[in-house]
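Structure, as structure tokens:
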Amino acid sequence: MRIDFQGIETKWKSAWEKTGVYRVSHEDARPKYYVLDMFPYPSGSGLHVGHPLGYIASDIISRYKRMSGFNVLHPMGFDAFGLPAEQYAIQTNVHPAISTENNIRHYKEQLSNIGFSYDWSREVRTCDPGFYKWTQWIFLQLFEHYYDLDQNKAIPLSVLIAHFEVSGTTGISAATSQENLFSAEAWRSISPKEKDDILMNYRLAYRKISYVNWCEALGTVLANDEVKEGFSERGGYPVERRAMIQWSLRISAYAERLLNDLNNLDWTDSMKAMQSNWIGRSEGAQLDFSVNGSDLAIRIFTTRPDTIYGATFMVLAPEHPLVDQITTWDQQKMIQQYKDFVKTRSERDRLAATKQMTGAFTGAYATNPFTGQHIQIWIADYVLMDYGTGAIMAVPGDDARDLAFANKFNLPVVEVIDRPAGGEIGDKSGKMINSGSLNGLNVPEAIPKILNEIEQRKLGTRLVQYKMRDAIYSRQRYWGEPIPIEYDTDGVAHAIDINDLPLILPDLDDFKPGGNASPLARLTEWVNTPGGQRRDTDTMPGYAGSSWYFLRYMDPWNNDRFAGEEEVNYWRDVDLYIGGTEHAVGHLMYARFWHKFLHDKGLVPTAEPFRRLVNQGMIQGVIEYVFMYKERTSGHPKFLCAKLVMTKSDDQLVRIAIPVTFVENYGSQDSYLTTAGIEKLIAWRPEYAHAFFECSQGTYHLGKMIEGEATDFKLYTQSEIGKMGKRFHNVVDPNDIVAQHGADCFRMYEMFLGPLEQAKPWDTRNIDGVSRFLKKFWSLFHDEDDKFEITDAAPTREELRILHQTIKRVRDDIERFSLNTCISHFMMATNDLKKLNCQKRMILEPLVLLIAPFAPFISEELWEEFGHPSSVHLEFYPEYDASLAAEDVILYPVCINGKKRAEASFDVNADHKHMESEVLKMDTMQKWLDGQTIKKIVIVPGRMINIVI
RNA sequence: GCCGAAGUGGCGGAACUGGUAGACGCGCUGGACUCAAAAUCCAGUGUCUGCAAAGAUGUGCGGGUUCGAGUCCCGCCUUCGGUACCA
């Protein structure tokens, strides 16, 4: 028997498309359920087998929810702006719009073969002007708002301006880049440019000179989360610090809310931990140290005010604005030299030389407000300008870095904590010493005491500091959303008129990055507007479109609003979001931030966009390679079979990754090359034409390695190695698997690989098991001649038990997201029914429905054969569940002192008492007990009955 | 270093609130069908002892709680992921 899965798939794909079964509307009485996939970036290499893992899981949930009576929104789209398309354009001169379009077509074709139930009428593309009109619009809203710290929300900038007009900065508490106090008179008297500069300190989207991550190779700046260990995440190019004027988003204003609201989310602990580490809240105090012989003061932030008696010197970041003012004339040369030295050090050098302390003395002294001692002021690059205040009080007695610095430069060290045995520096344990009024207190007692003292003496204030910095928003690249801002002749930034949105990305034929400026800067006729203004030439970063795309799906064709009010209020938020962990701090943080901003404006009903988040693990590719002798005795290359490698030493051989499409049994323990495979290899690399293959028992076996363990490929970054990619010629096209085994098999196989969240290597061995299962399942409904054969006979108790147990298990599994065990349960049921030779409608019909989320094609086909109106949708009948569950009978093992003695059956709905009496009634019980006294009867509902004697 | 997750057969992995550890699948062994192979079906398969019945042992290591621990508690070890001069 064979299942004609290709025929079935073609038939149902077109049926679905024709009837538009997966279209949904917000005008629906059913409760909504929104299942979202992280939309892909359409790369040139197409979808590989790792991509659909999460999509399959989300499709199963969507179908399941749809069958359980929910109105399910399950859309798909493309994150289509970005660097790779542009890099490709630079190399090939193909316009990014064209290559993107082609790639999307390929992706959609691949996706359609897997049987997803997307509502394609809602497809979005971030590079589509109809879409980025609203990306630009949201950006302008951010530009026109500031963050009010009293009301704890975003407020229109016009309110702030009105306040300035009347009372200056008095009574304003707002998130700002730079504290700057002025009166209403002062405000009214300054120029528009000066006003603009001040307002920039408040806007949620603002321009500012900041130290940025400049990537020379990519010709653009990058956000912190796009930089990994001093290299760009995309491409792995070196990144350096550079001061530039850039757009940023004031995400830091939302730090506290982004942190607190994590509590209400159904996300994994590790995901929440990553976000909360990135936000990096720390409590402490901010206080001023006065500089001796001047009226200047240096503001510092510390989390350990209790150690202030041990502050024996101060350190400023080399870029700190006060450095030049306080440096004494005799130290100027030293300080300048050190500043120059720091500039030449790349981010990478700094990270590499972590333990090496460097610095220079300014010649100036400050006064420790508690000890009254005069302490030296140094500069050093271990103090960062953009964290805290860019200055610290150094306590070598209880801070490892300060101690290392003090040791290197012979600065005084005062112990302030008497640590218990085994106590380590900085671990907040022990009693205070040498600390005036704090002496004898434990650290946790000393902190509040000193804070009170600091506030009473008006030396400073308590302060909560966040590590999270504002997100740099400008990119000096072409393929992105243009920033809808114009500058007048004074350089004042103006939002372009809302009615002029979208600001279309102009055409270009030279995409090369141009030094510090975007390629758009070369289009002078575009840059200079008819109104005499100059356009901003930067574009938005990759995360712009993805920060709100999930809202656009709710109403993708709306031209008057980012999404209609009714639609947004119906769909509200994403109930289930599935995607990879790599977006933990980038996309997910920005999306939460934008959503909160829109919520502040009353445009979205919920404070959080993604209620539940599930991270699918990566499918790691297996790299297949041949072993080639380094030395060529005959002049031709010679390859050694993997099974014979043990006899050679490592340095005699070199490993060469080969395309996995040449390989027989790819991914399994004994993959090998057939003659045909060797021919393909030779066609791929003609220089192997006369190669000799040294085989074991007539077969040439291959070596293999799981990506991520690829230590030989150290030159690539982890994220590149971690994903299946072109580099190792091991992209497996889902189309190939679907063609070979069918879409249902591919779907179930990917789920059967293991828990969704776990990373796992692509291993095709188990695919045969799933394929066999589907054949067996199909055979339940068909006779030997493949004729549909079903009886109306009444089911037996045993058959009912199998059905009900399966319904219960499958529903539980899906609710718990345990999709791999769910498939095991289908397999068990099928095996059991096969043994009983059960061909009864009453048993098999519900099973077709149950398996539909996993194997939609086969179930549609079977459902039709059952004579149901061919479906528009498979509807789940809850009656199947309810009516039959009442009769459910489960066998419970009966144990005496932990040893199994017999099995007894019970009604599943029975209560404990009932079960207890049944046990005691049993004849055999007396024999087992042998006259012994029962100490205890333990009844575990649904499990077992344990009798202790 | 800090934060998080996880360690179970030859392999992928089950075991939901403590309750017959190893479900289900792969692989392997034997058998049936076949001239033969493939496919399919049946039986077996943690380890050790034993012909068998059976017994012992077994979820990274060491302790503990419990009638009972893969699961809970304490102390370690290892692997993976994130992050790091963050004051």
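In what follows, every chain begins at residue 1, and chains take the letters A, B, ... in the order their sequences are listed. No hydrogens, no waters, no symmetry mates; every other heavy atom, side chains included, goes into these values.
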Study note, to complete from the structure: Contacts of A:Val464 meeting side chain to side chain contact (heavy atoms under 4.5 Å, CB included) (sequence neighbours excluded), chain-then-number -> A:Arg281, A:Glu283, A:Tyr466
**Study point:** Option among A:Lys339, A:Met314, A:Glu319 that satisfies the side chain to side chain contact (heavy atoms under 4.5 Å, CB included) test with A:Ile379
**Key:** A:Lys339
Point to revise | Per-nucleotide protein contact string for nucleotides 1-8 of chain B, where B marks a base within reach and S marks sugar-phosphate only (heavy atoms under 4.0 Å, - for neither) | key: --SSS---
Review point. Given the P atoms of B:A38 and B:G27, what is the spacing between them in whole Å?
Key: 13 Å
Point to revise | Side chain of A:Thr821 (C-beta onward), nearest among B:C26, B:C85, B:A15 | key: B:A15
Study note, to complete from the structure: A:Lys272 NZ to B:G82 C1', in whole Å, measures 17 Å
Check your understanding: Rounded to the Å, how far apart are A:Ile802 CD1 and B:A23 C1'?
Key -> 16 Å
Review point. Given B:G25, B:A87, B:C85, which nucleotide is nearest the side-chain atoms of A:Met827?
Key: B:G25
Check your understanding: How far does the P atom of B:U29 sit from the matching atom of B:C80, given to the nearest Å?
Key -> 34 Å
Point to revise | Atom pair distance, as rounded to whole Å: CG in A:Asn820 and P in B:C16 | key: 13 Å
Practice item. Please state whether the rings of A:Tyr382 and A:Phe405 are parallel, tilted or perpendicular, taking 30° and 60° as the class boundaries. Key: tilted
Review point. When the ring centroid of A:Phe854 is compared with that of A:Phe826, is the distance short of 6.0 Å?
Key: yes
Point to revise | Set of residues satisfying side chain to side chain donor-acceptor pair (under 3.5 Å) with respect to A:Arg809, sequence neighbours excluded | key: none
Check your understanding: So which one's nearest nucleotide on RNA chain B is more toward 5', A:Arg469 or A:Leu753?
Key -> A:Leu753
Study note, to complete from the structure: Pairs under 3.5 Å (Watson-Crick or G-U), crossing ones as [ ], inter-strand ones as |: RNA chain B comes out as (((((((..(((......[....)))((((((.......))))))((((....))))..(((((..]....))))))))))))....
Check your understanding: Once you round it to whole Å, what is the distance between C1' of B:C85 and CG of A:Asp399?
Key -> 9 Å
Review point. For A:Met751 and B:G12, what is the distance between atoms CE and P respectively, to the nearest whole Å?
Key: 19 Å
Point to revise | A:Trp267 side chain to A:Asn615 side chain, donor-acceptor N/O pair below 3.5 angstrom | key: no
Check your understanding: Considering only the C1' atoms, how many Å lie between B:U8 and B:U57, rounded to the nearest integer?
Key -> 15 Å
Review point. How close or far is atom P of B:C86 from atom CG of A:Asp402, stated in whole angstroms?
Key: 10 Å
Practice item. Check the angle between the aromatic planes of A:His583 and A:His587 and answer parallel, tilted or perpendicular using the 30° and 60° thresholds. Key: perpendicular
Review point. Is the distance from OP1 or OP2 of B:C24 to the nearest side-chain N or O of A:Arg809 less than 4.0 Å?
Key: no
Exercise for review: Report yes if a side-chain nitrogen or oxygen of A:Arg772 is closer than 4.0 Å to either non-bridging phosphate oxygen (OP1 or OP2) of B:G25; otherwise report no.
Suggested key: no
Review point. Say you pick atom P in B:A21 and the same atom in B:A6; how far apart are they, in whole Å?
Key: 24 Å
Point to revise | Minimum side-chain heavy-atom gap A:Arg304-A:Ile417 below 4.5 Å | key: yes
Review point. Base, sugar-phosphate, or nothing for A:Asp813, non-hydrogen atoms under 4.0 angstrom?
Key: nothing
Point to revise | Rounded distance in Å between the P positions of B:G13 and B:G7 | key: 10 Å
Point to revise | side chain to side chain donor-acceptor pair (under 3.5 Å) partners for A:Asn407, two or more places apart | key: none
Practice item. Please state how far atom CE in A:Met385 lies from atom P in B:C85, giving the value in whole angstrom units. Key: 17 Å
**Study point:** Verdict with reasoning, A:Leu265 to A:Arg592, per side chain to side chain contact (heavy atoms under 4.5 Å, CB included)
**Key:** CA-CA 11 Å; A:Leu265 297 178; A:Arg592 293 181 63 215; 4.1 Å; yes
Point to revise | Nearest-nucleotide 5' precedence on RNA chain B, A:Lys835 against A:Ser818 | key: A:Ser818
Check your understanding: With respect to the side chain of A:Ser824, which nucleotide from B:C85, B:C24, B:C86 is positioned closest?
Key -> B:C24
Revision key, fill the gap. Base orientation of B:G75, chi within 90° of 0 counted as syn, else anti, reads anti
Review point. To the side chain of A:Pro755, which of B:A87, B:G13, B:C85 is closest?
Key: B:G13
Point to revise | Listed nucleotide nearest any side-chain atom of A:Ile392, set B:A87, B:A14, B:G27 | key: B:A87
Check your understanding: Looking at residues at least two apart in the chain, or sitting in another chain, which of them share a side chain to side chain donor-acceptor pair (under 3.5 Å) with A:Tyr590?
Key -> A:Asp225
**Study point:** d(CG, A:Leu756; C1', B:A14) in whole Å
**Key:** 16 Å
Point to revise | C1' atoms of B:G63 and B:G12, separation to the nearest Å | key: 33 Å
Review point. After noting the C-alpha distance and the side-chain angles of A:Arg816 and A:Asp812, does the key distance pass the salt bridge (Lys or Arg N to Asp or Glu O under 4.0 Å) rule?
Key: CA-CA 6 Å; A:Arg816 285 191 297 134; A:Asp812 287 352; over 6 Å; no
Check your understanding: Nearest to the side chain of A:Met828, which nucleotide is it out of B:A87, B:A23, B:C85?
Key -> B:A23
Exercise for review: With P as the reference atom in both, quote the distance from B:G60 to B:G9 in angstrom, rounded to an integer.
Suggested key: 8 Å
**Study point:** Whole-angstrom distance between B:U71 and B:U20, as gauged at atom P
**Key:** 14 Å
